[in-house]
Amino acid sequence: MKISKGLLALLIILAVIIVDQAVKIWVKTHFYLGEDLPIFSWFQLVFVQNNGMAFGMEMGSKLFLSLFRIVAVIALVWIIIKIKDKPAVTAGFMACIALITAGAAGNIIDCVFYGLIFNNPVPPGVAQLFPPDGGYAPIFHGRVVDMLYFPLFSFYWPEWMPWVGGERFLFFQPVFNIADSAITVGMVILIFFYPHLLSGETLKERGTEEREIEGQSDRETEGQRGE
C-alpha cells in the first residue's frame with residue numbers, strides 16, 4: 001500500500017517526537033544531572049541540560065529561543081502542506097523536511113513544558129514528573145534535555161603546535177538528543193541530495209511545464225469545439 005507524501009511526513013514527525021520524548025522523560029526521571037552510563041567505549045548516556053540550540057549551542061535569551069523554535073516549526077508545517085502534492089517533490093525530500101520539523105518540535109516541548117512539569121533537584125537527586133511543589137521554571141523557560149554522547153576518539157596535539165600544543169583533542173564532544181539528530185540528518189541529506197529542490201528551480205520548472213500542458217490541452221479542446 002502506497003502512502004501519500006503528506007501522510008509519510010505526518011508519520012515521521014509523530015514517530016520522532018514520541019521516541020525523542022520517551023527517551024528524554026526516562027533520562028530525566030532516572031538520571032541525576034551530570035550522571036553518565038557507559039554503553040560502549042565510544043558511546044555513553046550523559047544527562048545534561050541546555051538553554052540553547054542544537055548540540056548545546058547558546059544564542060540569545062531563553063524566551064527568544066523558545067519563540068524562534070515555535071515560529072520555525074509553524075513555517076515548516078506550512079511548507080509541508082504547501083508542497084506535499086507537488087509532483088516534483090519526492091518522498092525522500094518530504095522525509096527530510098519532516099525530520100527537521102520533528103526535531104524542532106521535540107525541543108520545543110522541552111522549552112515550553114519541562115519547566116512546568118519537572119522539578120530540578122540538586123544531584124544526586126532525580127527529577128520528578130508533576131512534582132507537588134510545582135516545576136522549576138515558568139512556561140517557555142524549560143531546559144532542553146540531552147543525553148547522547150559519542151567520544152569516538154582522542155589524541156594529544158604535538159607540543160610544537162601553536163596554541164593547542166600538548167592539549168587533548170576529543171572527537172566528538174557535544175552531547176545531544178534524538179531531536180538534534182533528526183534535524184542534522186534531515187539537513188545533511190537535503191544539502192547533499194536535494195540542492196535542486198532547495199533552490200526551488202525544479203519546482204518552478206515543473207510548475208511552468210504543468211501550466212504549458214494545461215494551456216495546450218485547453219487550446220486543443222477549443223479547437224475541437226470549433227471543428
Side-chain angles (χ1 to χ4, degrees), residues 3-31 37 39-40 42-60 62 64-84 89-114 117-118 140 142-152 171-195 197-198:
I3 63 175
S4 67
K5 289 176 286 188
L7 180 57
L8 173 66
L10 177 61
L11 292 175
I12 290 173
I13 291 171
L14 290 177
V16 171
I17 290 176
I18 290 171
V19 174
D20 176 65
Q21 287 301 309
V23 173
K24 286 175 176 175
I25 292 172
W26 176 75
V27 168
K28 183 82 174 165
T29 55
H30 288 78
F31 286 58
L37 174 64
I39 307 298
F40 302 105
W42 46 268
F43 172 51
Q44 302 175 27
L45 292 178
V46 181
F47 175 28
V48 299
Q49 298 181 120
N50 71 81
N51 286 321
M53 306 292 284
F55 299 99
M57 293 183 289
E58 298 284 341
M59 186 184 75
K62 183 62 187 175
F64 170 79
L65 288 172
S66 299
L67 295 176
F68 173 80
R69 287 190 180 103
I70 292 172
V71 171
V73 168
I74 292 172
L76 287 168
V77 170
W78 177 80
I79 290 172
I80 288 174
I81 294 172
K82 186 175 181 180
I83 69 174
K84 65 182 178 65
V89 175
T90 65
F93 182 84
M94 185 65 76
C96 291
I97 299 296
L99 284 172
I100 297 169
T101 305
N107 285 333
I108 282 175
I109 294 173
D110 299 32
C111 295
V112 176
F113 299 111
Y114 275 27
I117 65 175
F118 288 107
F140 296 117
R143 307 193 75 188
V144 177
V145 174
D146 292 328
M147 77 296 296
L148 304 177
Y149 178 47
F150 289 86
L152 297 179
F171 183 89
F172 176 74
Q173 293 193 53
V175 181
F176 56 99
N177 57 44
I178 293 173
D180 296 335
S181 303
I183 295 172
T184 302
V185 170
M187 289 296 297
V188 169
I189 295 177
L190 280 180
I191 292 170
F192 282 96
F193 295 97
Y194 298 103
L197 290 178
L198 286 176

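Throughout, residue positions are numbered sequentially from 1 according to the sequence presented.
With Gln44 contributing its side chain and Leu148 its backbone, the two residues share no donor-acceptor pair below 3.5 Å. A side-chain donor-acceptor contact under 3.5 Å links Asp20 to the backbone of Ala179. Judged purely by atom type and a 3.5 angstrom limit, Asp180 uses its side chain to pair as donor or acceptor with the backbone of Asn177. The backbone N or O of Val145 lies less than 3.5 Å from a partner atom in the side chain of Asp110, making a donor-acceptor pair.
Considering all non-hydrogen atoms of both residues, Ala104 and Arg69 come closest at O-CD, 4.4 Å. Here the closest heavy-atom approach between residue Leu45 and residue Phe31 is recorded as O-CE2, 4.1 Å. Smallest separation of non-hydrogen atoms from Gly186 and Cys96: O-CB, 3.7 Å. Heavy atoms only, all atoms of each residue included: Val89 and Lys5 are closest at O-NZ, 2.6 Å. Summarising the geometry of Lys24 relative to Tyr114, their closest heavy-atom pair is CB-OH, 3.5 Å, with the distance given to 0.1 Å. Scanning both residues, Ala9 and Met94, for their nearest heavy atoms gives CB-CG, 3.8 Å.
To the nearest 0.5 Å, the span separating CD1 on Ile108 from CZ on Phe68 amounts to 10.0 Å. Between Ile70 atom CD1 and Ile74 atom CD1 the span is 7.0 Å, to the nearest 0.5 Å. Atoms CD1 and OH, on Ile97 and Tyr194 in that order, are 10.5 Å from each other to the nearest 0.5 Å. Residue Asn107 holds its CG atom at 10.5 Å from CD1 of Ile17, rounded to the nearest 0.5 Å. We find the CD-CZ distance between Gln21 and Phe113 to be 10.0 Å, quoted to the nearest 0.5 Å. Interatomic distance, CE of Met187 versus CG of Leu99, reported as 12.0 Å (0.5 Å rounding).
Under the 6.0 Å distance and 45° angle rule, Lys28 counts as a cation-pi partner of Phe118.
A 6.0 Å sphere centred on CZ of Phe193 holds no more than 12 heavy atoms belonging to other residues, nucleotides or ligands.
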Evaluation steps, side-chain contact (heavy atoms from CB on, under 4.5 Å), between Ile83 and Phe93: CA-CA 10 Å; Ile83 69 174; Phe93 182 84; 3.6 Å; yes

Step by step, would you call Cys111 with Val144 a side-chain contact (heavy atoms from CB on, under 4.5 Å)? CA-CA 6 Å; Cys111 295; Val144 177; 3.7 Å; yes

Check step by step if side-chain contact (heavy atoms from CB on, under 4.5 Å) holds for Ile80 and Ile13. CA-CA 11 Å; Ile80 288 174; Ile13 291 171; 4.0 Å; yes

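Side-chain contact between Val27 and Ile25 is absent, with no heavy atoms from C-beta onward closer than 4.5 Å.
Among the candidates Ile183, Val77, Ile79, the single residue satisfying the side chain to side chain contact (heavy atoms under 4.5 Å, CB included) test with Thr101 is Val77.
Separation of the Phe172 and Phe150 ring centroids does not fall under the 6.0 Å cut-off.
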